[in-house]
Amino acid sequence: MEKKLVLIDGNSIAYRAFFALPLLNNDKGIHTNAVYGFTMMLNKILEEEKPSHILVAFDAGKTTFRHATFKEYKGGRQKTPPELSEQFPFIRELLDAFGITRYELPNYEADDIIGTLSLQAEQDNFEIKVISGDKDLTQLASTATTVGITKKGITDIELYTPEHIREKYGLAPQQIIDMKGLMGDASDNIPGIPGVGEKTALKLLQQFNTVEILLQSLDEVSGKKLKEKIEEHQDLAVLSKQLATITREAPIEVTLEETEYKGMDLTKVVEMYKDLGFNSLLDKLGDLADISEEIVQEEIQVEVVSEISEAMFAEENGFFLEILEDNYHQAGIIGMTISNKHGQFYLKAEQAEASAIFKEWASDETKKKAVYDAKKTIVALSKRGIDLKGIDFDIFLASYILDPADAAEDLAAIAKKQNYSPLMPDESFYGKGAKRLIPGEMELSEHLARKAKALLELKPIMIDTLEQNEQYGLLMDLEIPLSIILAKMETQGIKVDVERLKQSGKELAMRLNEIEANIFEAAGECFNINSPKQLGVILFEKLQLPVYKKTKTGYSTSADVLERLESQHEIVREILHYRQLGKLQSTYIEGLLKVVNADSDKVHTRFNQALTQTGRLSSTDPNLQNIPIRLEEGRKIRQAFIPSEKDWIIFAADYSQIELRVLAHIANDEGLVEAFRADMDIHTKTAMDVFHVQKEEVTSNMRRHAKAVNFGIVYGISDYGLSQSLGISRKEAAQFIDNYLKSFPGVQEYMHESIHEAKQKGYVSTLLQRRRYIPEITSRNFNQRSFAERTAMNTPIQGSAADIIKLAMINMSERIEEENLKTRMLLQVHDELIFEAPPEELEILMKIVPEEMERAIELNVPLKVDYAYGPTWFDAK
DNA sequence: TCTGCCACGC
DNA sequence: GACGTACGTGGCAGAC
């Protein structure tokens, strides 16, 4: 077997990790960011390098042999922050658990240990990889030794081979030392020759190769000043070179044999991860080694029901329904369990379906059920003719409301978070992916019984927290009622004109063929246009178009780049067109056809009610919230969405500027409030204020800019984002935002308050008490903090708007019942509601839909709703 | 099976 | 001074 030694500069990596990551805490208040980063890096190295031998070297103590020659060595360095020092013991412990040899040697630095071992290993025919954050180490590069230096972050590593060093600096690895000798190194307080920087040092070394040769050939140095400087500071150059030189003969006591890597002690690593709160790493470990933590579950009694009887039911029940497939619309029910004061009961869907007693209980509003995912439960049962009522709690939604960041995958994770007795995660119980297996009835009934029991028992615990947070109403009066409405919408589905889609598909295919032919001709060869990699080669290598932007894997071929290239080559236009049509074809024609129910010609999306961080819904299988509208070509897709009954119409109503109205209200900004009260065009108004002009003087370009700024405010984009969308410089964009905030001082103040609130409470809230926690608000990492600040400003706006339309949906649904309408609500697309209705109800809809939407909540500005209708979704514009 | 790129909506 | 910058879903390519 190939021998491969990895040598890691422990101090350097720990420092890097510490400064690259925000100051994470575990639940015991210990800082863990450096340990976390270190662990990430270790995992990556072990995975990618698969070393046979590995060692982590640390610096020992403050003074080294270098201080003997130069006592100011590394002087002036900032003291290690205590938040970092306290993490070193954990790093050491972690290395022990990983089974990785670590070593430190008094009087020597980690560099010297690495230099010495790498030399020994080279002589022993090892392949060697050195990992550090310190470029000094690159002097060790050789044919056998590659030096990896961390770039931004910690897991991103730049590899220095002798070739790479030559390319980058024009030097051989050993000359790195000479360079340091000449230019010094401020971070280590190595002096170098005063006045000699990187440029001069490189130039000198090109000519003289080493410091020694340079000093012997001083006469040949061009430039009188430079020559004098070098002459004067000869000794400094020699000293500096000496200081920068890594010794390869440190008196180390560790042998190569001792660095052999024999694998980690899993139990210890799991234990450490748990202590440190590294849950994501724990999960990874679980997948990897299939040793998900030992779960000691409580004993549970469960009756596998042979005959359904009244004795199984009570007033208060936990009711769990298991479906394993993602798409619950036509998936099978694995089993159901009920938990109450009489015990736990397991039954099959077929039993429930055939039982009048069960149906009676299910539809009895007074028999309370605590469930996990009400919508899914209702949909699944309604397919089988069972009408579920009396849902008085939903653990899934409750968990989302308590913290939307818990993308609650399963009940076990929620139970854990609530300190409830442990449950087996579904992934461990059933297995995942291709290995998924439903166990026998004995095991299955117990697993499901535990879940039902957990529902019953978690309910009071979570209600408690919800009440403390003043969020109980949000769950009971908003999310749970909405869940029932969404269940209806999903089950109802939307009719699709399949023939029309297929016809469009055929036409598109022909046009795509033509465009493809044009592209191949212009390119002079065939290639896969859908491959950014291949496309990049054609555009930027073969056709030599200028490269404006790169991605980390190659050339960027995104639309904004292509648009800039459009005038330079005819092929670009064709490619853009190809992309546009290709998207329609693959996503909206083929994609949609794939999910149409063949019996009914309907699509049944699923709204995810517990996913987004702002409180919005999302939609999948198919996603009906991103059907094209902006470009006419794509908008035609909407012609395929039709009413499910003959002669009915599609009725669509949308809020006008709901987010900006919400902002006007929350910020209580005088100008903004007045503008909405006067029903002004808000973008024009913004342009007037930002550019200090009269209404008549607002040009279309001013309005466009104002609109983009408003857009930015609503979505919390950065000055960079704004500059991209307007095609202006970042500075100008920042200036725009600044002008905007000066024009709307109320908004300015609101922005400050939001950030302040996030810092103080750790979260921000919407009008209806929805929360979003933003721990990064205190990050020392500029990006993370800026992002957190924008989140703090934007979430109450977007989230409150989401609250409002959810309220409107509930009100509208009630109103439809009250008015005894046949009208059906079909979709919600963030700020609009889409219905299908019989023509005779059109008149009343034009009255009540805007009415219910506009009065969903009372703000200090009016809400405004526009509506439209027609025979297809396309026509409802 | 996973990741990156790209593109659609709000 | 560089960092990499609303939120979602889905399709395709390419590496494993």
Side-chain angles (χ1 to χ4, degrees), chain A residues 19-20 47-48 151-153 156 287 404 407 432-435 527-536 549-562 575-576 578-592 594-595 605-608 611-631 633-635 637-638 654-655 657-659 711-725 730 733 772 776 779 781-795 797-799 801-802 805 827-832:
Chain A
F19 288 108
E47 199 174 307
E48 286 182 0
K151 287 205 292 194
K152 56 175 180 187
D156 200 0
D287 295 349
K432 68 165 185 176
K435 283 179 288 186
F527 64 102
N528 185 344
I529 306 167
N530 284 320
S531 160
K533 192 173 157 185
Q534 294 183 32
L535 180 60
K549 200 161 96 182
K550 289 195 129 193
T551 67
K552 57 180 153 183
T553 48
Y555 311 107
S556 169
T557 66
S558 60
D560 61 303
V561 172
L562 296 186
I575 290 165
L576 279 165
Y578 184 88
R579 281 252 179 94
Q580 189 201 334
L581 299 188
K583 174 79 177 173
L584 292 180
Q585 181 77 305
S586 68
T587 306
Y588 296 107
I589 304 274
E590 290 166 2
L592 212 48
K594 258 186 255 174
V595 292
T605 187
R606 279 170 296 133
F607 290 105
N608 198 333
L611 185 137
T612 71
Q613 300 306 299
T614 54
R616 278 186 170 185
L617 301 176
S618 76
S619 157
T620 51
D621 274 330
N623 179 354
L624 294 180
Q625 292 182 321
N626 74 343
I627 303 299
I629 188 163
R630 291 181 190 179
L631 300 172
E633 192 111 54
R635 190 173 197 158
I637 296 285
R638 295 179 174 227
D654 68 296
Y655 281 110
Q657 303 297 349
I658 187 166
E659 282 97 351
F711 179 87
I713 299 288
V714 167
Y715 290 119
I717 62 172
S718 56
D719 51 2
Y720 175 85
L722 181 64
S723 74
Q724 289 295 300
S725 71
R730 195 171 135 175
R772 179 171 184 179
E776 296 84 5
S779 170
N781 176 311
F782 175 80
N783 282 324
Q784 292 199 355
R785 193 177 60 250
S786 306
F787 180 48
E789 288 174 356
R790 296 201 301 277
T791 305
M793 299 184 280
N794 152 259
T795 298
I797 303 173
Q798 206 187 112
I805 194 163
L827 287 177
Q828 187 250 52
V829 189
H830 308 308
D831 66 351
E832 65 175 321

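Below, all heavy atoms of this structure are taken into account, side chains as well, without hydrogens, waters or symmetry copies. A note on names: the letters A, B, ... follow the listed sequences, proteins ahead of strands, and every chain is numbered from 1.
The residue A:Q534 sits close only to the backbone: its heavy atoms come under 4.0 Å of sugar-phosphate atoms, none of a base. Using a 4.0 Å heavy-atom cutoff across all strands shown, A:N528 reaches sugar-phosphate atoms only and no base atom. Residue A:R630 is classed as a base contact, given a heavy-atom separation below 4.0 Å to a base. Using a 4.0 Å heavy-atom criterion, one finds that A:S786 contacts no nucleic acid atom at all.
Evaluation of the ring pair (Phe, Tyr, Trp, His ring centres under 6.0 Å) rule for A:Y715 yields A:F711 as partners, not counting sequence neighbours. Take A:S586 and apply the side chain to side chain contact (heavy atoms under 4.5 Å, CB included) test, not counting sequence neighbours, and it matches A:E590. Under the rule for a ring pair (Phe, Tyr, Trp, His ring centres under 6.0 Å), A:F607 has no partner lying at least two apart in sequence or in another chain.
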### Per-nucleotide pairing state of DNA chain C [Watson-Crick or G-U, under 3.5 Å; [ ] pseudoknot-crossing; | other strand]
......|||||||||.

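The CZ atom of A:F782 sits 13 Å away from the P atom of C:dC3 (whole-angstrom rounding).
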### Task
Kindly indicate, with the supporting measurements, whether the criterion side-chain contact (heavy atoms from CB on, under 4.5 Å) is fulfilled by A:Q724 and A:R730.
CA-CA 8 Å; A:Q724 289 295 300; A:R730 195 171 135 175; over 6 Å; no

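Side-chain atoms of A:S779 and A:N781 form no donor-acceptor pair, as typed in the model, at a separation below 3.5 Å.
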### Task
For each nucleotide in nucleotides 5-10 of chain C, reading 5' to 3', give B when a protein heavy atom comes within less than 4.0 Å of its base, S when such contact involves only the sugar-phosphate, and - otherwise.
BBSBBB

Polar pairs (N or O, both sides) under 3.5 Å between protein and nucleotides 1-4 of chain B?
none

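Set against C:dC12, B:dA7, B:dC8, the side chain of A:Y588 has B:dC8 as its closest nucleotide.
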